[in-house]
Amino acid sequence: MLELDGVGFGYSPRDWVFRGVSFRVPPGTATAVLGPNGSGKTTLVRCAAGLLDPQEGTVRLSESAGYVPQAHGSAFAYRALDMVLMGRARHVGVFRTPGSSDHEAALEAMERVGAAGLRDRRFPTLSGGEQQLILIARAIAAGSPVLVLDEPATGLDLKNQARVLTLLRELMADGMALLLSTHHPDHALHLADRVVLLGRSGVRTGSAAELLTDAQLSALYGVRVSTVAYSDDGDGFPSSTPRRTIVVHYGS
Ligand SMILES: Nc1ncnc2c1ncn2[C@@H]1O[C@H](COP(=O)(O)OP(=O)(O)OP(=O)(O)O)[C@@H](O)[C@H]1O
């Protein structure tokens with residue numbers, strides 16, 4: 001369980017990025033954070049993951065969260081498998097080397113994201129999308145019941161976006177609590193039970209049904225957005241999966 005209560009953060013005194021953010025992410029659910037560039041999505045998910053200390057309010061985490069940062073180059077030429085093994089740090093203990101169960105967990109996580117074939121590649125030589133898959137595998141390998149992801153679809157092609165969304169739904173079905181920031185309202189429509197909108201006029205939290213509407217999304221991004229239904233077409237998701245996506249009226 002992840003819970004934020006009245007959280008406020010600013011990088012300098014009296015210059016708040018956001019204030020008064022409260023929401024809970026129960027097991028088996030996903031909460032999506034949406035907002036324009038610079039609205040504070042990364043800042044908020046870093047506070048939720050315990051990587052930034054808010055100036056006010058509290059963050060309660062049942063145990064440490066797995067965290068997936070936005071893909072970025074690494075200065076160190078670790079193998080992809082070693083990057084994923086780093087997710088096992090709290091299981092391995094200080095001054096110990098990873099054992100066979102850690103290797104198994106790391107390889108299973110790489111299989112799950114479809115990146116087992118990259119295990120011996122050096123992380124900096126991977127494409128941005130491949131790096132993103134490895135970072136997600138690292139967080140899964142950590143085995144935490146809470147996963148916090150900062151724009152997990154950044155740099156992924158359409159097939160890999162679908163793979164990651166499917167994977168995140170599977171993790172929810174396994175009982176994990178997910179918090180993700182995203183620039184893709186359609187991903188929020190597909191995944192999220194609850195939504196946090198970081199807008200120019202303040203923060204709104206509520207159910208996906210209440211906040212992922214044409215009016216709310218158009219106001220949030222300052223461009224006309226419509227949500228449209230599509231048929232399941234035997235896509236393999238349970239019939240309860242929301243099948244709505246968004247259309248942006250470019251030029252509006
Ligand atoms: N280390 C920092 N020091 C000072 N200001 C910062 C720092 N990091 C971010 N900011 C500022 O805080 C605000 C929120 O930034 P943040 O990165 O959280 O936004 P975001 O919604 O994730 O943006 P994007 O969609 O562009 O990734 C921005 O105005 C940004 O310039």
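Numbering of ligands and ligand atoms starts at 1, following listing order. Model, not experiment: these values are computed from the prediction. All residue numbers refer to positions in the sequence shown, counting from 1.
The single protein non-hydrogen atom nearest to atom 13 (C) of ligand 1 is Gly38 O, 3.6 Å, given as residue, atom name and distance. Nearest protein heavy-atom neighbour of atom 17 (O) of ligand 1: Thr42 CB, 3.8 Å. With respect to atom 26 (O) of ligand 1, the closest heavy atom belonging to the protein is Asn37 ND2, 2.9 Å. In terms of protein heavy-atom proximity, atom 9 (C) of ligand 1 is nearest to Tyr11 CE1, 3.5 Å.
With ligand atoms numbered from 1 in the order given, ligand 1 contributes 25 (O), 27 (O) to contacts under 4.0 Å with heavy atoms of Glu151. Residue Lys41 approaches ligand 1 through these ligand atoms, each under 4.0 Å from one of its heavy atoms: 18 (O), 19 (O), 20 (P), 21 (O), 22 (O), 23 (O), 24 (P), 25 (O). For ligand 1, the atoms sitting less than 4.0 Å from at least one non-hydrogen atom of Pro36 are 21 (O), numbered in the order shown with element in parentheses. Ligand-side atoms of ligand 1 in range of Thr43: 14 (C), 15 (O), 16 (P), 18 (O), range being under 4.0 angstrom from any heavy atom. Close approach to Ser39 involves these atoms of ligand 1, each under 4.0 Å from a residue heavy atom: 19 (O), 21 (O). In the vicinity of Gly40, heavy-atom distances shorter than 4.0 Å reach the ligand 1 atoms 14 (C), 16 (P), 18 (O), 19 (O), 20 (P), 21 (O).
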Derivation and outcome, side-chain contact (heavy atoms from CB on, under 4.5 Å), residues Phe123 and Asp82
CA-CA 9 Å; Phe123 188 75; Asp82 295 326; over 6 Å; no
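Under the side chain to side chain contact (heavy atoms under 4.5 Å, CB included) test applied with Leu4, the options Thr205, Leu61, Leu44, Thr58 reduce to a single match, Leu44.
A donor-acceptor pair under 3.5 Å links the side-chain atoms of Asp193 to the main chain of Ala30, judged by distance alone. The backbone N or O of Ala116 lies less than 3.5 Å from no partner atom in the side chain of Glu111, so there is not a single donor-acceptor pair. Proximity of a side-chain donor or acceptor of Asp174 to a complementary backbone N or O of Met176 within less than 3.5 Å is not detected. Checked by atom type and distance alone, the side chain of Arg122 pairs as donor or acceptor with a backbone atom of Ala77 at under 3.5 Å.
Less than 4.0 angstrom separates atom 30 (C) of ligand 1 from none of the non-hydrogen atoms of the protein. By the definition of a contact as any protein heavy atom under 4.0 Å away, atom 19 (O) of ligand 1 is in contact.
Residues meeting the side-chain contact (heavy atoms from CB on, under 4.5 Å) test with Val228, sequence neighbours left out: Thr245, Val247.
The aromatic rings of Phe9 and Tyr11 stand perpendicular to each other, their planes meeting at an angle above 60°, with 30° marking the opposite boundary.
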